Novice: 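Quick one: structure below, then a few questions.
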Amino acid sequence: MHVVATAGHVDHGKSTLVRALTGMEPDRLEEERRRGLTIELGYAWTSLPSGERLAFVDVPGHERFLATMLAGVGPAPAVMFVVAADEGWMPQSEEHLAALEALGVRHGLLAVTRADLADPGPATVQAAARLARAGLGGVERVAVSGRTGEGLDGLRAALDRLVARLPAPDPRAPVRVWIDRVFTVRGSGTVVTGTLPAGTVAVGDELALPSGAARVRAVECLKEAVPSVAGVARVALNLRASAAPERGQALVTPGAWTWTDVVDVRIHLVGPAADPGEDSAAGPREDGARGDGPALPPRLTAHIGSAAAVCDVRPIGGPIARLRLGRPLPLHLGDVLLLRDPGHSAAVRVLAGATVLDPRPPALRRRGAAGERAAELAEAAPDARSLLRTHRLLRAADLRAMGCVPEGEPVSGDWHTDPAHWTRLRVRLPGAVGRYAAEHPLEPGMPVEVARRALGLPDRRLVASLVGPPLAVRDGRIVTESGDRAAALPPAVAAAVELLRAELAARPFLAPEAGRLAELGLGPKEVAAAVRTGALLRVAEGVVLPAGADLRAAELLARLPQPFTVSEARRALDSSRRVMVPLLEHLDRRGLTERVDDLRRRCRTPS
Ligand SMILES: Nc1nc2c(ncn2[C@@H]2O[C@H](COP(=O)(O)OP(=O)(O)O)[C@@H](O)[C@H]2O)c(=O)[nH]1
Ligand SMILES: [Mg+2]
C-alpha cells in the first residue's frame, strides 16, 4: 500500500477531496463535522484503478494546527497539495509548502480543486510556480471538483502514476513509527496509530518506547487484523507497554536508533526565511555558498514525525549548527528536522530544515573546536566514513544505530575505524612499546592493557590487531620477537646464533670473520635463516651483526661532532674498516645517515 498526506490552505477542499476519492469521512470528530473544520489528522483509504491501495492522511489547514499538520506530513512519502481554484495561493499554502521543502518532500501532485467555482487556470499557474521554487517542480497538476466529481478520474490516474514512481522501502529496515494517535479499546488495552515508512512490524515483536519495552499484541492495517505489515503502511498497533504511550513518541526497533538530544546538522533555510528574491533560482537553496551561517533565532521548535521538541540552536560555522533538543529522540544520520519559530509574529513560521550529520557529536571544549568541527562537517556527506573520521572507532552496531551501513571489514571483532586514524596508531605502537621496555627493563614486554590505555583504545582486542612483526603478543604482553626468534631456528643453528651474539656482546660492531662463522657451523644458508627470523643483521656479503646493531650504531654516531669520517665512526663504534664501510652504506640506505661529501657523513633524523 501507499500513504499520501494532504497539504494546503484551510477550506480549500482537502477533506472534501479525500471524501470524494475514498467514500470515507476523514473528519471523524463531532466538533470537526459541526464546524466544517479539520482539527485532528484524518485517515481514509481507497483502491486506485491499478489495484494499488492508497491511504490518505488528511491534515488540518488552519494555522493554529500547524503542529498537527507536520505530524501528518512528516512520515508520509508523498503529498497531495490542494489549492482552491477560486482563492488561489494563500498564507497556509505558503507555510505548508515551506514545511514540505524543509522536510525534503520530493514526491507529490497538485490538485486545483473547487474547479466548479472558478477557472482553475490562474490558480494552477500560480501554484505550480511556487511548488517549483520549493523543489516540487515536476509534479502533475490536476483540476478537480470535490462537489461535482469533475476531474476525479483524472486525479485517480495521476495518483496511480505518483505511487508507481515512489521508491520501494526496505522491509528489513529498522522500524520507527511516530505515534499520531493513542486510544484505549475496551478489553484489549492501548492502541497506537502511525505511518510505518519502512521495515516490518509483526505480532509478538518487541519494540521500544521512551518509557521502555512494548510488545505488539495485534497489528491492524486499514482496519484489518494482519499477522505482520511492511512499510509503507498506515498501522494500528495494540501494545502491551509498561507505561502508556503518547502521541509524539516513537515506537522503534530496539537498539537500531540513537536516542539523542544533541545533534550536528546542516541548515537549509526555506520559504521567506531563505530570502526569495524575484530572481531566486529554482530548487533547494545552497546556504553553504554564503559566508555567514543562516540567521536563526536561538530557540526554536524542532519537528520530526509527530514529535515536537524545544530546540536550542548553536551556529558553529557556515550552514552547520548544533541543536540541543528538549528531550531525546530516536534519530539517524540523514534525518531531517523541521525548525519552526514557535512565536506567532510571522505569517510563515517554518524557517528551515536541518539534516542530521552526526547524532552523537563530540563535545566542543577547546578554543576553535567549533570552527574546525564546522569545516569538517561542511565537507561531509552523511555516511559511515564521515562518522568514522569524527568518532575514529565505532562498533558495527553503533554505526547501524546512527543510521549507516558499515562499509568494509572491521579491524577487530565488530570495530570499524577511520583508515588514517588506524595508520597513526600503527605508527605509534612500536614507539610506546620501546619506551615501556626502556622504562621496565626487567619485564618481558608491555602489557596489552597498558598499551590500550596509552593509545586511548576502547577494547584490548584492538591492540592485538595493531600488533605485527617484529612485535607479537605473548601471555598478555607485547614483545619484540627478534631476540627470541632464534627459537624458531633449528636447535643447532639457534645455539650457534646465541653463542655468536654472546661473543659479540662486548664489541657488537666487530663482525665475525668468515672463519669464525664456519667454525660455528653458520654457513650462508644458516646465516640467511637467522637473518629471516630477525636474529641477525646482514649488512653486506659476509658481514653479519646482531639484530638491531644498525639502530644502536646510528644512536652512537649521532653523539659525534657532525659530519664525521669513516675512521671517526670506526673509532666511535670500536669496529673495523671491513665492517664500517658496508655498515655506513646500510645506514645511508635506511635514511639514518647521509653523505655530505666524498669523505664525510652526518646523521639524519628519520622523518
Ligand atoms: N463548490 C465546491 N465546494 C467545495 C469543493 N471542495 C470543497 N468545497 C467546500 O469548501 C469548504 C471547505 O472544504 P473542506 O474540504 O473542509 O476544506 P479543507 O479545510 O481544505 O479540508 C466546504 O464547505 C466544502 O463543501 C469543490 O470542489 N466545489
Ligand atoms: Mg479539512
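Atoms within each ligand, like the ligands themselves, are counted from 1 in listed order. Remember, it's a predicted structure, so these values are computed and weren't measured experimentally.
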Novice: Does a salt bridge link R373 with E376, judged by any charged N lying under 4.0 Å from a carboxylate O?
Specialist: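 Salt bridge between R373 and E376, a charged N being under 4.0 Å from a carboxylate O: yes.
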Novice: Among all the protein's non-hydrogen atoms, which is closest to atom 19 (O) of ligand 1, and how far away is it?
Specialist: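 Protein heavy atom at minimum distance: D11 N, 2.7 Å.
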Novice: Where on T16 is there a heavy atom closer than 4.0 Å to ligand 1, on the side chain, on the backbone, on both, or on neither?
Specialist: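 It is both backbone and side chain that touch ligand 1.
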Novice: Give me the one residue out of R28, R34, R35 that meets side-chain hydrogen bond (donor to acceptor under 3.5 Å, both in side chains) with E31.
Specialist: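 One option only clears the test, and that one is R35.
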Novice: Please determine whether a side-chain nitrogen of the Lys or Arg among D58 and K14 lies less than 4.0 Å from a carboxylate oxygen of the Asp or Glu.
Specialist: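 Salt bridge absent between D58 and K14.
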Novice: Would you say H12 and E87 are linked by a side-chain donor-acceptor pair, where the criterion is simply a distance under 3.5 Å?
Specialist: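 Looking only at side-chain atoms, H12 and E87 do form a donor-acceptor pair, the distance falling under 3.5 Å.
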Novice: Distance to 0.1 Å, residue and atom name: give those for the protein heavy atom nearest to atom 27 (O) of ligand 1.
Specialist: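 Ranked first by proximity to atom 27 (O) of ligand 1 is G146 N, 2.7 Å.
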Novice: Tell me whether D170 is salt-bridged to R172, with the criterion being a basic N under 4.0 Å from an acidic carboxylate O.
Specialist: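 A salt bridge is present here (some side-chain N lies under 4.0 Å from a carboxylate O).
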Novice: Got a list of side-chain donor-acceptor pairs under 3.5 Å for residues 208-229, not counting sequence neighbours?
Specialist:
unit_1	atom_1	unit_2	atom_2	d
R215	NH1	G204	O	2.8
R215	NH2	E206	OE1	3.0
R217	NH1	S188	O	3.4

Novice: Of the backbone atoms (N, CA, C, O) and the side-chain heavy atoms from C-beta on, which set of D116 has a member under 4.0 Å from an atom of ligand 1: side chain, backbone, both, or neither?
Specialist: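 For D116, the contact with ligand 1 is made by the side chain alone.
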Novice: In terms of residue, atom name and distance, what is the protein heavy atom nearest to atom 10 (O) of ligand 1?
Specialist: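 Heavy-atom neighbour on the protein nearest atom 10 (O) of ligand 1: R114 NH1, 2.8 Å.
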Novice: Is it the case that D116 and T148 place a side-chain donor and acceptor less than 3.5 Å from each other?
Specialist: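 No, no side-chain donor-acceptor contact under 3.5 Å.
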Novice: Do me a favour and list the nearest non-hydrogen protein atom to atom 16 (O) of ligand 1 with residue, atom name and distance?
Specialist: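 Minimum-distance protein heavy atom for atom 16 (O) of ligand 1 reads G36 O, 4.0 Å.
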Novice: Considering only protein heavy atoms, which is closest to atom 25 (O) of ligand 1, and at what distance to one decimal place?
Specialist: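 For atom 25 (O) of ligand 1, the nearest protein heavy atom comes out as R147 NH2, 3.0 Å.
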Novice: Got an N, O or S from T16 under 2.8 Å of the Mg ion (ligand 2)?
Specialist: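 Under 2.8 Å: T16 has no N, O or S contact with the Mg ion (ligand 2).
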Novice: Between OG of S15 and OG1 of T38, what angle is found at the Mg ion (ligand 2), rounded to 10 degrees?
Specialist: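 Roughly 90°, rounded to 10°.
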Novice: Could you tell me whether the side chains of D358 and T390 share a donor-acceptor contact shorter than 3.5 Å?
Specialist: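 Absent: no donor and acceptor within the cut-off.
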Novice: Please report which non-hydrogen protein atom sits nearest to atom 17 (O) of ligand 1, along with the residue it belongs to and the distance in Å to one decimal place.
Specialist: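 Nearest neighbour among protein heavy atoms for atom 17 (O) of ligand 1, to 0.1 Å: G13 N, 3.0 Å.
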Novice: With the threshold set strictly below 4.0 angstrom, can you tell me whether any protein non-hydrogen atom sits that near atom 21 (O) of ligand 1?
Specialist: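 Yes, because at least one protein heavy atom sits under 4.0 Å from atom 21 (O) of ligand 1.
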